[in-house]
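First up is the structure itself, then whatever we jot down about it.
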Amino acid sequence: MTAKQFLYSVRDEQKEIEEIGDRIYELEMSLLPGAMRYDVDRVQVSPTDTTTDRMVEIAEYMGELKRKQSALTEKRLKAQRLINHLTDSRERQVLDIYFLSVKRPGMKDVAVMLNYSQRQAYRFYVSALEHLERWQ
């Protein structure tokens, strides 16, 4: 796996964790009394209990979320050590923000945060990835 592929896998895992968190939130909100519309939704008293099913689903997602967060923490530490091998602080800053920020900013956002033009930020990004590929 190249450095670029590894760094993007960190970014992708962060997105997956956010999606799981969003799904948990949706399921939790569906359990609230206001989520059921008595005029439209059937109130079910049969052996199938959707509340219990949702609670089980939430528990499963929570377990998956914890596993993924633990794995992501390890990957982020490894990515940070990889990025720290760069000698140019501007390249380190660009990769740090782009790959390790929780919000997953785009290159335009990175440029704004660092007070660079988008073109400069992209040049630092490309240069940093080239240096990492040569280093590995």
Side-chain angles (χ1 to χ4, degrees):
M1 178 181 290
T2 67
K4 182 177 180 179
Q5 290 170 330
F6 173 71
L7 291 171
Y8 270 101
S9 75
V10 172
R11 196 171 157 100
D12 293 342
E13 278 191 40
Q14 180 63 40
K15 183 179 180 186
E16 288 175 25
I17 286 172
E18 285 178 25
E19 290 169 354
I20 292 170
D22 291 345
R23 182 64 184 140
I24 290 170
Y25 178 77
E26 289 171 9
L27 288 168
E28 288 173 339
M29 291 301 105
S30 73
L31 293 174
L32 294 175
M36 182 175 281
R37 298 175 316 212
Y38 292 100
D39 59 330
V40 178
D41 294 341
R42 284 187 6 189
V43 178
Q44 197 160 16
V45 289
S46 66
T48 16
D49 183 5
T50 57
T51 303
T52 304
D53 292 344
R54 287 182 184 157
M55 299 280 287
V56 168
E57 195 174 354
I58 289 170
E60 289 170 354
Y61 276 120
M62 291 294 279
E64 183 180 353
L65 182 65
K66 286 180 183 177
R67 285 189 300 278
K68 285 193 176 281
Q69 285 174 329
S70 178
L72 179 63
T73 299
E74 293 299 317
K75 266 189 158 178
R76 287 173 64 89
L77 289 171
K78 188 176 177 183
Q80 187 65 61
R81 286 191 296 269
L82 180 66
I83 291 170
N84 284 341
H85 283 96
L86 294 168
T87 56
D88 188 333
S89 64
R90 297 169 299 183
E91 291 177 359
R92 273 196 314 269
Q93 285 179 320
V94 168
L95 291 191
D96 248 349
I97 293 171
Y98 188 74
F99 288 109
L100 300 178
S101 291
V102 175
K103 296 290 182 185
R104 292 185 341 272
M107 194 55 64
K108 185 176 183 177
D109 301 319
V110 172
V112 168
M113 286 181 217
L114 297 174
N115 203 23
Y116 297 150
S117 69
Q118 192 171 351
R119 187 178 194 147
Q120 281 177 307
Y122 185 73
R123 262 191 257 134
F124 290 133
Y125 163 84
V126 169
S127 176
L129 290 177
E130 287 172 357
H131 286 126
L132 289 176
E133 293 305 325
R134 279 187 260 139
W135 180 79
Q136 279 188 325

Return each pair, listed once, that meets salt bridge (charged side-chain N to carboxylate O under 4.0 Å, His left out) where at least one residue sits in [range]; pairs must be two or more places apart or across chains.
range	value
residues 124-136	none
residues 99-127	Glu18-Arg104
residues 90-101	Asp88-Arg90

Does [X] have any side-chain contact (heavy atoms from CB on, under 4.5 Å) partners at least two apart in sequence or in another chain, and if so, which?
X	answer
Arg67	Glu64
Gln5	Met1, Thr2
Tyr25	Met29

With sequence neighbours excluded, residues passing salt bridge (Lys or Arg N to Asp or Glu O under 4.0 Å) with [X]:
X	answer
Glu13	Lys75
Glu26	Arg23
Glu16	Lys68

Applied to residues 58-83, the ring-ring contact (aromatic ring centres under 6.0 Å, His included) test, sequence neighbours excluded, yields none
Not counting sequence neighbours, list each pair that qualifies as a ring-ring contact (aromatic ring centres under 6.0 Å, His included) and has a residue in residues 92-113. Tyr8-Phe99, Tyr98-Tyr125
Look at the side-chain heavy atoms of Ile, Leu, Val, Met, Phe, Trp and Tyr, link any pair under 4.5 Å apart, and say whether Leu114 and Met107 land in one connected group. yes
